[in-house]
Amino acid sequence: MDKLLYIAASGANQDLLATAVRANNLANAQTNGFKAQLEQARAMPAYGEGLPSRVFSMTESPSNNYDGGPMITTDRPLDVAIQGEGWFTVQSPEGGEALTRNGNFSMTAEGALQDSKGNLVLGENGPVFLPIPIQNITIAGDGTISTQLQGAPQNAIEEVGRLKLVNPEIDQIKRREDGLFELKDGGFAQQDINVGVRSGMLEGSNVNAIEEMVQMISLQRHYEMQVKLMNKADQLSMRGNMLLRFI
C-alpha cells in the first residue's frame, strides 16, 4: 500500500478513536462522580523498505482526569460525596471490589445499600445491610452509618456499620468498561481513615462540556484533512498509472 495513503488512513482512524473518547466524556457531563478520560496522539515511525522517514499517529488514553467535580446539594440522607481525595467501594458484578465517586445510594427492600447501578455498597466488613424498617438514617463525616428504627425513641440511635473509604495511588487504579474503577492487580484496597464524606451532597461530573465540544470540532477538521490526503494519494496513483501506459 502507498505510504501516503496508509499514513493518512491511519491518521483518520485515530481521529475517530479520539472522537469516541471525547463523545463519551460529553455524554457523561451530567453523570455523578464521572471522571473524564484523557486522550493523546503520538508519532510512530512507519517502518518498511528504506529508512523510517515517515510517521503515523497513534491515539491512546493514558489516564483520566481525577480532579474533583462540583458539589451538588440534595439534602437526601443517602446521597454522599467524597471530600477531597478518596473513593467509595462497591461490589463488582464479578464479586470483586470496584471503586466509584458516585455516592447516589439507595436501599433495597431487604435493607441492602446499593449504588445507582445496583452494585452493593461495601463497608468495613463486607456489603452494608441496614435494619428495616427504619425512619431515620444518617452518615457521619467518617462514613459511620447510624439509624433509628421505626417507632423507636428519638434518642435510640444505633450504629450499623461504616462505609469502606479508600484512597489508593492513582497509578494503581484503572477504569473498567462499566465506568467503575479497580486496582490494576484486581485486589482489595485498604481502608483509609483520612477519607471524609459529606452527607446530603453529590459530586458532579468533572467534564468541561465546552472544552469537549471544541476538541470534537478540532478532531472533525483534522479528520477532513486526512480524507483530503487520501484523495490526493488516489489521484497521484492514477496519474502514475497513466504515465506508465505511455512508456
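The structure presented is a predicted model; accordingly, all values stated were derived computationally and were not measured. If you read the sequence from its start, that first residue is 1, and numbering goes on from there.
At a threshold of 4.5 Å between side-chain heavy atoms, the hydrophobic network of Ile, Leu, Val, Met, Phe, Trp and Tyr places Leu219 and Leu16 in two separate groups. Taken together through direct or relayed side-chain contacts under 4.5 Å among Ile, Leu, Val, Met, Phe, Trp and Tyr, Leu78 and Ile82 form part of one hydrophobic cluster. Hydrophobic cluster membership differs between Leu122 and Ile137, with clusters built from Ile, Leu, Val, Met, Phe, Trp and Tyr side chains linked at under 4.5 angstrom. Hydrophobic clustering of Ile, Leu, Val, Met, Phe, Trp and Tyr side chains at less than 4.5 Å, counting indirect connections, keeps Met213 apart from Val21. The hydrophobic cluster containing Leu113 does not contain Leu120, counting ILVMFWY residues as joined when their side-chain heavy atoms lie under 4.5 angstrom apart, directly or transitively.
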Can I get a per-line list of side-chain donor-acceptor pairs under 3.5 Å for residues 67-75, giving both atom names and the distance, sequence neighbours left out?
unit_1, atom_1, unit_2, atom_2, d
Thr74, OG1, Arg76, N, 3.3
Thr74, OG1, Asp79, OD2, 2.8
Thr74, OG1, Gly200, O, 3.3

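Separating the CD atom in Glu85 from the CG atom in Asn194 is a distance of 11.0 Å, to the nearest 0.5 Å. Taken from CG in Asn25 to CE in Met216, the straight-line distance is 10.0 Å, to the nearest 0.5 Å. Between atom CD of residue Gln30 and atom CG of residue Leu26 there is a gap of 10.0 Å, rounded to the nearest 0.5 Å.
Ala140 meets the side chain to side chain contact (heavy atoms under 4.5 Å, CB included) test with Asp142, Thr144; sequence neighbours excluded. Applying the salt bridge (Lys or Arg N to Asp or Glu O under 4.0 Å) test to Arg22 and every residue at least two apart in sequence or in another chain returns Glu39, Glu212. Taking Gln114 as the reference, Ser106 meet the side chain to side chain donor-acceptor pair (under 3.5 Å) condition, with sequence neighbours excluded. The salt bridge (Lys or Arg N to Asp or Glu O under 4.0 Å) test applied to Glu158 returns no partner, not counting sequence neighbours. The salt bridge (Lys or Arg N to Asp or Glu O under 4.0 Å) check on Arg176 picks up Glu94, Asp178, Glu182, with sequence neighbours excluded. Here Ala29 pairs with Val207 under the side chain to side chain contact (heavy atoms under 4.5 Å, CB included) rule; sequence neighbours left out. With sequence neighbours excluded, the residues forming a side chain to side chain contact (heavy atoms under 4.5 Å, CB included) with Lys117 are Asp115, Asn119, listed by chain and number. Residues satisfying the ring-ring contact (aromatic ring centres under 6.0 Å, His included) test with Phe105, not counting sequence neighbours, are Phe88. Ser146 is linked by a side chain to side chain donor-acceptor pair (under 3.5 Å) to nothing, counting only residues two or more places apart in sequence or in another chain. Legend: residues meeting side chain to side chain contact (heavy atoms under 4.5 Å, CB included) with Phe129, ordered by chain and number and at least two apart, are Ala112, Pro127. Remark: Phe34 pairs with no residue by the ring-ring contact (aromatic ring centres under 6.0 Å, His included) rule, at least two apart or across chains.
Proximity of Glu203 to Asn32: side-chain heavy atoms (C-beta onward) are nowhere separated by under 4.5 Å. Ile134 has its side chain out of reach of Gln148: every pair of non-hydrogen atoms, C-beta onward, lies at least 4.5 Å apart. Contact of the Arg162 side chain with the Glu124 side chain is registered, since non-hydrogen atoms from C-beta on lie closer than 4.5 Å. For the pair Gln226/Leu229, a side-chain contact is recorded, criterion being any heavy-atom separation below 4.5 Å from C-beta on. Side-chain contact between Leu165 and Ile193 is absent, with no heavy-atom pair separated by less than 4.5 Å. Using a 4.5 Å heavy-atom cutoff, the side chains of Leu99 and Thr89 are in contact. Considering only heavy atoms from C-beta on, Thr147 stays 4.5 Å or farther from Asn136 through its side chain. Considering only heavy atoms from C-beta on, Val195 stays 4.5 Å or farther from Trp87 through its side chain.
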The test is side-chain contact (heavy atoms from CB on, under 4.5 Å); show your working for Tyr66 and Ile173 and say whether it passes. CA-CA 11 Å; Tyr66 292 104; Ile173 64 178; 3.9 Å; yes
Would Lys35 and Asn206 satisfy side-chain contact (heavy atoms from CB on, under 4.5 Å), going step by step from the backbone distance to the final call? CA-CA 6 Å; Lys35 299 303 178 187; Asn206 69 350; 3.7 Å; yes
Should Ser116 and Asn102 be marked as a side chain to side chain donor-acceptor pair (under 3.5 Å) after you check the CA-CA gap, both sets of side-chain angles, and the distance that decides it? CA-CA 8 Å; Ser116 58; Asn102 186 358; 3.1 Å; yes
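Residue Leu180 comes nearest to Ala98 through the heavy atom pair CD1-CB, 3.8 Å, listed as atom of the first residue, atom of the second, then distance. Among all heavy-atom pairs drawn from Asn167 and Gly86, the shortest one is OD1-N, 3.6 Å. Annotation for Leu183 and Pro168: closest pair CD2-CB, 3.9 Å, computed over non-hydrogen atoms. Residues Val121 and Val90 approach most closely at CA-CG1, 4.2 Å, considering heavy atoms.
Checking side-chain atoms of Ser199 against main-chain N and O of Val80 turns up no donor-acceptor pair under 3.5 Å. A donor-acceptor pair under 3.5 Å is absent between the side-chain atoms of Lys164 and the main chain of Gly143, judged by distance alone. Side-chain atoms of Thr19 come within 3.5 Å of backbone N or O of Asp15 as a donor-acceptor pair. With hydrogens and angles disregarded, no donor-acceptor distance shorter than 3.5 Å links the side chain of Asn64 to the backbone of Leu38.
In the displayed structure, Gln83 atom CD is contacted under 6.0 Å by more than 12 heavy atoms of other residues, nucleotides or ligands. Around the CD atom of Gln135, the shell of radius 6.0 Å holds more than 12 heavy atoms that belong to other residues, nucleotides or ligands.
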